[in-house]
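Working notes for the structure below.
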Amino acid sequence: MSKKNKTRICIIGMPGSGKSTIGSLLSEKLQYRFIDLDHEIEIDTGLKIKEIFKNRGEDNFRKIETAMLQEMIVKDNVIISTGGGTILKNEEILKKSYNILLHCELSDLIKRASRNKNRPLLSSNVENKMKDLFNERKDLYNKIADLKIDASTNITKTVKDILNSLES
Ligand code: S3P
C-alpha cells in the first residue's frame, strides 16, 4: 500500500505539539483507528514511559518503540500518534506512512511541557532541553514530513487545516 493513499497516517512532531489530541480527533473525523504509540508501549510492557526510561534506559525504550511502530504501521485506516523521538531511529519505517508534522513555536512547546511532569527527557531545565531536542530533530522531522501543519493556534483549526489538506 502506497503511503500516498493516506490510509496509514503518522502524526509526528515535538513533545507538546499536540500529537495525541490531534491524532485522536482526526481519527474520529476520518473514521480511522487511533493508535497512540506511547500508550501501546505502556499497555504492552505494563510500565509507564518514565519507568521504562528510569529502569531500563533510553536505548531500551527506543528498541521497544521501534518494535511497536513496526507492528502498528502495517495496519490500514489507522492514525498513529508517535512519540517526539520516534523519528530518531525509524526514518525507514516511517517511509511506509503518510506523515503529518505538527509545527509549534518553541516558546509554546516550552510552556506546554513545563506543565507536564511525565516526560523523562524534559523533567528539569525544560527550556534548554526543549531547545536542544528541537535543534537536534527539526531537520529529521522536515525530511520525513509529507504535510506540515501549524499547530500553534487552536486544536479545532489545526484539525480542519489537516482535513482540508488531506482532501486536496
Ligand atoms: C519522547 C517523547 C515522548 C515519549 C518519550 C520520549 C522524546 O512522547 O515518547 O518520553 O524523545 O521526545 P511525546 O512526544 O508524546 O511527549
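For ligands, and for the atoms within them, numbers begin at 1 and follow the listed sequence.
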(message) Taking the basic N atoms (NZ, or NE/NH1/NH2) and the acidic carboxylate oxygens, is any pair closer than 4.0 Å for K131 and E127?
(response)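 The answer is yes: the pair qualifies as a salt bridge.
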(message) For K157, is there an ion pair with D161 - N to carboxylate O distance below 4.0 angstrom?
(response)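 Looking at K157 together with D161, the answer is yes, because their closest N to O distance falls below 4.0 Å.
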What residue and atom, counting heavy atoms only, is the protein's closest point to [atom], and at what distance?
atom	value
atom 1 (C) of ligand 1	G85 N, 4.0 Å
atom 16 (O) of ligand 1	R119 NE, 2.5 Å
atom 2 (C) of ligand 1	G84 N, 3.5 Å
atom 6 (C) of ligand 1	F53 CZ, 3.8 Å

(message) Tell me the contacting part of E58 for ligand 1: side chain, backbone, both, or neither, using a 4.0 Å heavy-atom threshold, strictly below.
(response)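 It is neither part, as no heavy atom is under 4.0 Å.
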(request) Answer with side chain, backbone, both or neither: which part of K19 has a heavy atom less than 4.0 angstrom from an atom of ligand 1? (result)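 The side chain, only.
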Which ligand 1 atoms are under 4.0 Å away from a heavy-atom of [X]?
X	value
D38	3 (C), 4 (C), 8 (O), 9 (O), 15 (O)
R137	7 (C), 11 (O), 12 (O)
I49	5 (C), 10 (O)
R62	7 (C), 11 (O)
P120	10 (O)
L121	7 (C), 11 (O)

(request) Taking the side chain as every heavy atom from C-beta outward, state whether H103 and Y141 have any pair of such atoms under 4.5 Å apart. (result)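 No, side chains not in contact.
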(message) With heavy-atom distances below 4.5 Å as the criterion, would you say the side chains of L133 and M14 are in contact?
(response)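 Of all side-chain heavy-atom pairs linking M14 with L133, at least one is under 4.5 Å.
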(request) Check I73 against C10 and note the closest heavy-atom contact, atom names and distance. (result)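 The answer is CD1-SG, 4.0 Å.
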(message) With the threshold set at under 4.0 angstrom, would you say H39 reaches ligand 1 through any of its heavy atoms?
(response)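 Outside the 4.0 Å threshold, so no.
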(message) According to side-chain hydrogen bond (donor to acceptor under 3.5 Å, both in side chains), does anything in residues 48-58 pair up with another residue at least two apart or in another chain? List the pairs.
(response)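 Residue pairs with at least one partner in residues 48-58: K50-N118, E58-R62.
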(message) Quick check: is L163 connected to I11 through a chain of hydrophobic side chains (ILVMFWY, heavy atoms under 4.5 Å apart)?
(response)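 Yes, I11 connects to L163 through the hydrophobic network.
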(request) Decide whether T66 and N90 meet the rule of one side-chain donor and one side-chain acceptor closer than 3.5 Å. (result)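 Their side chains do contain a donor-acceptor pair, which is all the 3.5 Å distance test asks for.
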(message) Whether the S124 and K129 side chains hold a donor-acceptor pair (N or O, under 3.5 Å, no angle test) is what I'd like checked.
(response)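 Yes - a donor-acceptor pair under 3.5 Å links their side chains.
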